[in-house]
Amino acid sequence: MTVDESLIERTAHLLNRARYLNLATALDGAPWVATLEYAWFAGPLRFVFGSSTGARHSGDLRADPRVSGSLFVTEGAAGVAIASVDGAQFTGRCTELGPKELEAYHAPFYETVFPDDGQRARWQLPPEELLGAAPHRLYRVDVERWWLIDTRHWEEDRIDRRIELPLDTGTQARLSAHARVHAVSP
């Protein structure tokens, strides 16, 4: 299946420009959404975020790793035209990073979330504060499915739809060309 390059470019634009993602979890039928800063990695598509082990979504993830989420960008302030808003939704599985994964993801995550050296020095947690009995962790979401807002058809009929971007190896390779961080393998 040939994927329209504009869908890859839109996905890369969203991943590179959105500062936060919304991550949905559920425990015993009770849904929860958390807004989180993240870094994305390609080949395969995945997100890394940091959180407290006591946060509700962290507890939900320990019981059920299935997640869903969204991210969006606007090119201006409130009241902008619909064409300048873009977004995506995804599903996947989320796991807490262990020592070996933490070693690989720690620096790229903090460099992405805090590109300013001064801010990073102030807010970055050292690896030892993300393991064992420490109250914080880094988590990885392995994205399984990805949908973009179907802005083409909205212009025609005002019906809200999504376009699924298949995350096959060809799409993953094309998306990798747009990634800011290339050093971490899954």
Give every residue pair that meets the salt bridge (charged side-chain N to carboxylate O under 4.0 Å, His left out) criterion with at least one member in residues 22-41, sequence neighbours excluded. R19-E37
Any pair with a residue in residues 119-128 that passes salt bridge (charged side-chain N to carboxylate O under 4.0 Å, His left out), sequence neighbours left out, goes on the list, sorted by first then second residue, please. D117-R120
State which residues pass side chain to side chain donor-acceptor pair (under 3.5 Å) with [X]; sequence neighbours excluded, sorted by chain then number.
X    : answer
T35  : N22
Q124 : none
H106 : none
Y110 : none

Measure the shortest side-chain to side-chain distance between [X] and [Y] over non-hydrogen atoms and say whether it is less than 4.5 angstrom.
X    : Y    : result
L21  : S70  : no
R93  : V67  : no
L23  : F49  : yes
L15  : W146 : yes
L130 : L97  : no

Just checking E103: does its CD atom have more than 12 heavy atoms from other residues, nucleotides or ligands closer to it than 6.0 angstrom? no
Has F114 got more than 12 heavy atoms of other residues, nucleotides or ligands less than 6.0 Å from its CZ? yes
How many angstroms lie between atom [atom1] of [X] and atom [atom2] of [Y], to the nearest 0.5 angstrom?
X    : Y    : atom1 : atom2 : value
T171 : E5   : OG1   : CD    : 9.5 Å
L148 : H13  : CG    : NE2   : 11.5 Å
I163 : D150 : CD1   : CG    : 4.0 Å
T95  : D142 : OG1   : CG    : 6.0 Å

With R162 via side chain to side chain contact (heavy atoms under 4.5 Å, CB included) - residues at least two apart: Q89, W147, I149, D160
Who are the side chain to side chain contact (heavy atoms under 4.5 Å, CB included) partners of T169, not counting sequence neighbours? none
Compile the donor-acceptor pairs under 3.5 Å between side chains in residues 53-64 and protein atoms, sequence neighbours left out, one pair per line.
residue : atom : partner : partner atom : Å
T53     : OG1  : P135    : O            : 3.3
H57     : NE2  : S51     : OG           : 2.7
S58     : OG   : S52     : O            : 2.7
S58     : OG   : Y139    : OH           : 3.1
D60     : OD2  : T25     : OG1          : 2.6
R62     : NH1  : T53     : O            : 3.1
R62     : NH2  : T53     : O            : 3.1
D64     : OD1  : R66     : N            : 3.1
D64     : OD1  : R66     : NE           : 3.0
D64     : OD2  : R66     : NE           : 3.3
D64     : OD2  : R66     : NH2          : 2.7

Which atom names give the shortest non-hydrogen contact between [X] and [Y], and what distance separates them?
X    : Y    : result
G43  : S176 : N-OG, 3.6 Å
L102 : P127 : CD2-O, 3.6 Å
Y105 : P108 : O-CD, 3.3 Å
L45  : Q172 : N-OE1, 2.9 Å
A39  : V113 : N-CG2, 4.5 Å
L14  : A88  : CD1-CB, 3.9 Å

Would a hydrophobic clustering, with Ile, Leu, Val, Met, Phe, Trp and Tyr connected at side-chain separations under 4.5 Å, put L71 with I8? yes
Under 4.5 Å between side-chain heavy atoms, hopping through other hydrophobics if needed: is there a path connecting V33 to L36? no
Contacts of D116 meeting salt bridge (Lys or Arg N to Asp or Glu O under 4.0 Å) (sequence neighbours excluded), chain-then-number -> none
Residues at least two apart in sequence or cross-chain that pass salt bridge (Lys or Arg N to Asp or Glu O under 4.0 Å) with E9, listed by chain then number, are none
Sequence neighbours excluded, which residues qualify as ring-ring contact (aromatic ring centres under 6.0 Å, His included) partners of F47? Y38, F90
Where the side chain of N16 meets the backbone of H178, is there a donor-acceptor pair that is under 3.5 Å apart? yes
